[in-house]
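This report refers to the structure that appears directly beneath it.
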Amino acid sequence: MKLSRYYIPTLKEDPADAEVVSHRVLTRAGMIRKLTSGIYVYLPLGLKAINKVADIIREEMNAAGAVEITMPSVQPADLWRETGRWDYYGKELLRFKDRHGRDYCLGPTHEEVITDLVRGEIRSYKQLPVNLYQIQTKFRDEVRPRFGLMRGREFIMKDAYSFDADETGAEKSYQDMYDAYARSFERIGLVFRAVQADSGPIGGDFSHEFMVLAETGEDTIAVCTDPKCGYAANLEKAVVAAPLNNLCPCPPETTIPAFELVDTPGTHTVEELCSFLKIEPKAIIKTLLFSVDGQPVAGLVRGDREINEVKLRNMAGGNDIELATPEQVKAWTNAPVGFAGPVGLKDVRILADQELCADQGWYTGANQGDAHFKSVHLGRDVKVEKFADLRVITESDPCPKCGKAIEFTKGIEVGHVFKLGTKYSKSMSATFLDKDGKEQHMVMGCYGIGVSRIVAAAIEQNNDEHGAVFPPSIAPFEACLIALAGKDAAVADKAEELYAELKAMGVDVLYDDRDERPGVKFNEADLIGYPMQLTLGGKGLKNGVIETKDRKTGERGELPLDNFAEAFKAWRESIWKSWGLDPD
RNA sequence: CGGGAUGUGGCUCAGUCUGGUAGAGCGCUGCGUUCGGGACGCAGAGACCGAGUGUUCAAAUCACUCCAUCCCGACCA
């Protein structure tokens with residue numbers, strides 16, 4: 001491609017609304033433009049990078065036996081009502097009516113559509129397994145879109161859905177996808193990690209997320225420090241090991257004295273209560289009230305711990321969890337926020353962290369203003385529905401798998417694989433006849449990759465003060481040929497010749513043939529982040545060489561012009577190798 | 001949805017407090033000089049100051065309402 005005929009509107013200054021590096025660079029380098037909040041135009045360079053990512057994923061999906069289709073982005077509400085998600089999916093689902101007043105939504109995901117499709121076609125175990133995928137634009141009306149392509153409302157996603165005759169088959173499909181994902185991210189050139197994850201509103205009982213490790217990641221993951229153990233989980237999923245003296249559930253017998261009321265005026269927070277009573281947060285039970293699918297639920301954790309809402313939601317068996325409003329707290333406990341406690345709480349489900357069984361004689365809220373109880377014993381004084389792991393893991397907790405230390409790192413979620421089981425096939429009656437002629441529900445899995453997000457994640461992971469540093473596998477062009485011709489026709493002619501030669505070699509090269517000053521060309525090439533830069537100037541031509549620059553290391557060198565093809569091939573291979581990649 | 005901030009040529013911003021002729025840099029057009037890390041000179045084009053209402057002799061500036069965008073907290077690829 002000749003730059004003089006191309007479309008790369010670069011910006012000299014950082015856009016005012018871009019906070020993270022990938023957003024800044026993508027905008028400045030002329031790869032994307034914002035249309036409205038969370039919705040972007042993909043300009044030629046950005047689209048090219050996205051397409052390279054998509055091509056790699058497509059190859060790996062096909063190799064893993066998945067088959068490509070394209071489903072509509074507009075979906076009828078009826079399908080969503082069948083699975084109940086029309087009510088449960090929430091506001092991320094953009095709903096609208098057509099001219100006849102019929103309800104529709106823009107697809108944030110496609111379980112309903114694919115299940116509807118497959119149940120109409122598949123009747124026999126002989127037709128299974130099937131794995132269908134698409135690479136398509138999704139729409140999720142995110143509460144707070146941010147960070148450019150990292151969290152858009154409209155974004156490009158690869159989603160695949162597997163259908164198997166039984167659990168064993170489903171497990172194989174899951175593993176195949178897991179492996180295909182790992183291969184894809186390796187080929188793209190990302191440093192990533194697969195971690196255990198919560199399955200969220202997609203549903204199902206087992207899932208892994210693929211996290212690109214980067215400081216700016218929105219997710220925190222807990223990783224075992226022992227590589228042999230390999231435990232890694234999203235913070236919201238990471239299991240806290242049960243305490244050694246696990247007494248769950250608390251026995252009712254106890255020798256501690258009966259609980260009694262203590263005056264604690266104005267102590268709304270754990271900190272205030274502690275300094276007022278001169279006690280440690282560890283001596284307190286924090287009672288947090290939530291609305292789970294509209295029902296009141298109290299979550300109990302130790303005063304110095306953080307409750308894990310995902311664990312609480314799962315334990316309560318709900319779809320949607322929200323912290324109670326002050327009005328709800330008042331209605332459920334008869335007390336203002338800050339004085340809720342489990343003792344005497346009526347019509348509220350009480351779920352407690354397992355750790356609370358390891359000790360007795362707690363301070364808790366008294367469900368009346370300006371007062372707390374002391375000497376509360378959960379087994380004796382409270383009707384706890386269930387004790388379980390309810391809190392957020394901390395860096396001082398042991399690895400739940402091997403007991404060694406864990407550490408936290410930040411990650412960007414670029415892929416997620418789920419085992420769905422029969423959740424959708426049951427609610428939508430996707431059945432087939434097995435060998436014995438018996439009707440069975442298909443066992444499903446679903447698998448997503450954020451294609452456009454990967455481009456942002458790659459930049460988050462690879463950049464410097466000059467701009468992006470693209471892995472050659474997904475760089476919009478793998479090389480940029482810069483001609484410093486000026487009025488020197490010989491340089492222009494030679495550059496033209498080299499450009500043709502590179503194209504003939506199958507190199508995806510951009511030829512900067514513009515009549516611009518050298519500084520402009522160099523700076524733009526660095527900003528965009530082509531892995532390989534080739535510069536031909538008058539001096540080089542005289543000496544029979546062309547200059548090279550490795551964008552990642554900044555290392556410069558020269559290639560002879562008389563044996564250019566050979567020399568370039570070797571250099572190109574070394575560049576790809578430095579990324580752990582292979583040009584072929 | 002709560003909290004905070006910002007809307008002024010294509011881009012980045014000043015001007016707003018203290019009302020009185022719309023500014024700068026970048027970019028863009030033309031001419032000339034330059035030409036190995038975002039050149040320089042000269043001459044230009046380009047804005048109903050986010051929208052509406054109000055206050056005033058007079059509003060980018062004050063008041064109210066709305067809209068949009070960004071940042072911080074509950075969702076997800």
Side-chain angles (χ1 to χ4, degrees), chain A residues 9-20 23 27-28 30 33-39 53 57 89-93 108-109 135-160 181 197-202 207 209-212 218-219 234 236 290-291 309-310 313 319-326 412-418 446-457 466-467 482-488 491 515-527 533 535-540 547 549 554 556:
Chain A
T10 58
L11 263 26
K12 275 195 173 176
E13 278 168 292
D14 281 335
D17 59 3
E19 199 68 17
V20 298
H23 189 191
T27 305
R28 277 194 58 201
R33 283 292 179 267
K34 186 175 73 186
L35 178 64
T36 182
S37 181
I39 299 179
V53 170
I57 294 168
Y89 201 89
K91 290 186 183 147
E92 281 72 41
L93 187 65
T109 177
I135 296 173
Q136 183 236 26
T137 298
K138 293 277 182 286
F139 193 91
R140 293 185 188 173
D141 199 0
E142 293 281 347
V143 197
R144 189 150 95 79
R146 58 186 140 171
F147 303 154
L149 295 193
M150 292 264 277
R151 176 171 302 276
R153 291 194 291 170
E154 188 172 299
F155 58 98
I156 298 175
M157 177 167 155
K158 187 287 306 177
D159 45 325
Y181 274 33
D198 183 73
S199 49
I202 302 281
S207 90
E209 288 167 339
F210 289 80
M211 295 283 189
V212 169
E218 292 185 84
D219 288 280
N234 193 309
E236 65 185 24
F290 292 89
S291 166
E309 292 188 22
V310 171
R313 182 199 67 201
N319 283 296
D320 194 39
I321 184 164
E322 260 182 295
L323 194 63
T325 62
I412 302 164
E413 183 188 357
V414 293
H416 202 158
V417 291
F418 301 82
C446 81
Y447 319 92
I449 295 181
V451 176
S452 43
R453 181 184 277 182
I454 282 177
V455 175
H466 303 293
I482 298 172
L484 267 27
K487 291 198 179 80
D488 192 340
V491 172
D515 181 22
E516 280 288 354
R517 298 173 63 84
V520 173
K521 297 188 176 191
F522 292 140
N523 280 307
E524 283 191 6
D526 284 347
L527 173 64
Q533 290 177 24
T535 306
L536 184 68
K539 269 180 279 174
E547 288 161 60
K549 179 177 157 187
R556 291 161 203 273

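Letters go in sequence order (proteins before strands), and every chain restarts at 1. Note that the coordinates shown come from a computational prediction; the quantities given were computed from them, not determined experimentally.
Atom CZ in A:Arg146 sits about 18 Å away from atom P in B:rG3, given to the nearest Å. A:Lys539 places its NZ atom 9 Å from the P atom of B:rG37, with the value rounded to the nearest Å. We find that CZ of A:Arg313 is positioned 12 Å from C1' of B:rA74, with the value rounded to whole Å. In this structure, CG of A:Asp17 is placed 14 Å from P of B:rG7, rounded to the nearest angstrom. One atom, CD1 of A:Ile135, and another, P of B:rA77, lie 17 Å apart when rounded to the nearest Å. Atom-to-atom, CZ of A:Phe522 to P of B:rC35 comes out at 15 Å; the value is rounded to the nearest Å. Whole-Å rounding puts the A:Lys521 NZ to B:rC35 C1' distance at 11 Å. Atom CZ in A:Phe147 sits roughly 15 Å away from atom C1' in B:rU69 (whole-Å rounding).
The listed nucleotides are B:rU69, B:rU12, B:rA74; the one nearest the side chain of A:Val143 is B:rA74. Side chain of A:Leu484, nearest nucleotide from B:rA74, B:rA77, B:rG36: B:rG36. Of all nucleotides listed (B:rG38, B:rU12, B:rG36), B:rG36 comes nearest to the side chain of A:Glu547. If you check B:rU12, B:rG36, B:rA77 against the side chain of A:Phe418, the one that comes closest is B:rA77. Comparing B:rA77, B:rU69, B:rG37 by their closest approach to the side chain of A:Asn523 singles out B:rG37. For A:Lys487, counting side-chain heavy atoms from C-beta on, the closest listed nucleotide (B:rU12, B:rC71, B:rC35) is B:rC35. Checking B:rG38, B:rG37, B:rC13 against every side-chain atom of A:Glu524, the shortest atom distance belongs to B:rG38.
Taking atom C1' on both B:rC75 and B:rU18, the two are 47 Å apart, rounded to the nearest angstrom. Distance noted for atom C1' between B:rA59 and B:rU16: 10 Å (whole Å). Separating the P atom of B:rU61 from that of B:rU56 is a span of 16 Å, rounded to the nearest Å. B:rG15 and B:rC28: their P atoms are spaced 27 Å apart (whole Å). Taking atom P in both B:rA45 and B:rG25, the straight-line distance is 15 Å, to the nearest Å. B:rU21 sits 16 Å from B:rC62 when the P atoms are compared, rounded to a whole Å. Nucleotides B:rA74 and B:rG20 are separated by 50 Å at their C1' atoms, to the nearest Å. Comparing B:rG9 with B:rC49, their C1' atoms are spaced 10 Å from each other, to the whole Å.
Residue A:Arg33 holds its CZ atom at 5.0 Å from CG of A:Leu11, rounded to the nearest 0.5 Å. For the atom pair NZ of A:Lys34 and NE2 of A:His23, the computed distance is 6.5 Å after rounding to the nearest 0.5 Å. Here CD of A:Glu142 is found 14.0 Å from NZ of A:Lys91. Values are rounded to the nearest 0.5 Å. In this structure, the separation between CG on A:Asn523 and NE2 on A:His466 is 8.0 Å, given to the nearest 0.5 Å. If you take OG1 on A:Thr109 and CZ on A:Phe139, they are separated by 15.0 Å, rounding to the nearest 0.5 Å.
Using a 4.5 Å heavy-atom threshold, the side chains of A:Arg140 and A:Phe155 count as touching.
One donor-acceptor pair, N or O on each side, does fall under 3.5 Å between the base of B:rG37 and the side chain of A:Arg556.
Summary of the strand contacts: A:His23 and A:Lys91 both lie near RNA chain B, and taking for each the nucleotide with the nearest heavy atom, the more 5' one is attributed to A:Lys91. Residue A:Gly519 is the one, among A:His416 and A:Gly519, whose nearest nucleotide of RNA chain B lies closer to the 5' end (criterion: closest heavy atom).
No engagement by A:Asp159 is indicated, since no non-hydrogen atom pair under 4.0 Å with the nucleic acid exists. Among the heavy atoms of the strands, none lies under 4.0 Å from A:Ser452. Contacts of A:Pro108 with the nucleic acid, taken as non-hydrogen atoms under 4.0 Å apart, are absent. Heavy atoms of A:Gly415 sit under 4.0 angstrom from primed sugar atoms or phosphate atoms, though from no base atom. Heavy atoms of A:Glu142 sit under 4.0 angstrom from at least one base atom.
Shown here for A:Asp198 and A:Ser207, the closest heavy-atom pair between the two residues is O-OG, 3.7 Å.
A 3.5 Å limit on both hydrogen-bonding distances identifies B:rG73 as the Watson-Crick or G-U partner of B:rC1. Look at B:rU65: its Watson-Crick or wobble partner, with both distances under 3.5 angstrom, is B:rA51. Nucleotide B:rC28 forms a Watson-Crick or G-U wobble pair with B:rG44, both donor-acceptor distances falling under 3.5 Å. When both pairing distances are held under 3.5 Å, B:rU34 makes no Watson-Crick or G-U pair with any nucleotide shown. A 3.5 Å limit on both hydrogen-bonding distances identifies no Watson-Crick or G-U partner for B:rU18.
Using a cutoff of 4.0 Å between basic side-chain nitrogens and carboxylate oxygens, A:Arg153 and A:Glu92 are not scored as salt-bridged. At a threshold of 4.0 Å, the pair A:Lys138-A:Glu154 does not count as salt-bridged, since none of the basic side-chain nitrogens sits closer than that to a carboxylate oxygen.
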Before you tell me yes or no, could you show the steps for A:Leu536 and A:Leu484 under side chain to side chain contact (heavy atoms under 4.5 Å, CB included), namely the whole-Å CA-CA distance, both residues' side-chain angles and the distance that decides it to 0.1 Å?
CA-CA 6 Å; A:Leu536 184 68; A:Leu484 267 27; over 6 Å; no
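Contacts between residues 149-156 of chain A and RNA chain B, counted as heavy-atom distances below 4.0 Å, involve A:Arg151, A:Gly152, A:Phe155.
Within the structure, a side-chain polar atom (N or O) of A:Arg517 is placed less than 4.0 Å from OP1 or OP2 of B:rA39. When the side-chain nitrogen and oxygen atoms of A:Arg144 are compared with OP1 and OP2 of B:rC72, one or more of them lie within a distance under 4.0 Å. Of the side-chain N and O atoms in A:Ser37, one or more sit less than 4.0 angstrom from OP1 or OP2 of B:rC70. Distances shorter than 4.0 Å separate none of the side-chain N or O atoms of A:Arg28 from OP1 or OP2 on B:rU12.
Annotation: A:Glu322, atom CD; neighbour count of heavy atoms from other residues, nucleotides and ligands within 6.0 Å does not exceed 12.
With hydrogens and angles ignored, the 3.5 Å screen pairs no side-chain donor or acceptor of A:Lys549 with any backbone N or O of A:Asp526.
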Show each protein N/O and nucleotides 24-28 of chain B N/O combination with a separation under 3.5 Å, one pair to a line.
from, atom 1, to, atom 2, distance (Å)
B:rG25, N2, A:Glu13, OE1, 3.1
B:rC26, O3', A:Lys12, NZ, 3.4
B:rG27, OP1, A:Lys12, NZ, 3.0

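Residue A:Arg453 is tested with A:Ile412, A:Leu149, A:Val212, A:Ile156 for a side chain to side chain contact (heavy atoms under 4.5 Å, CB included); the sole match is A:Ile412.
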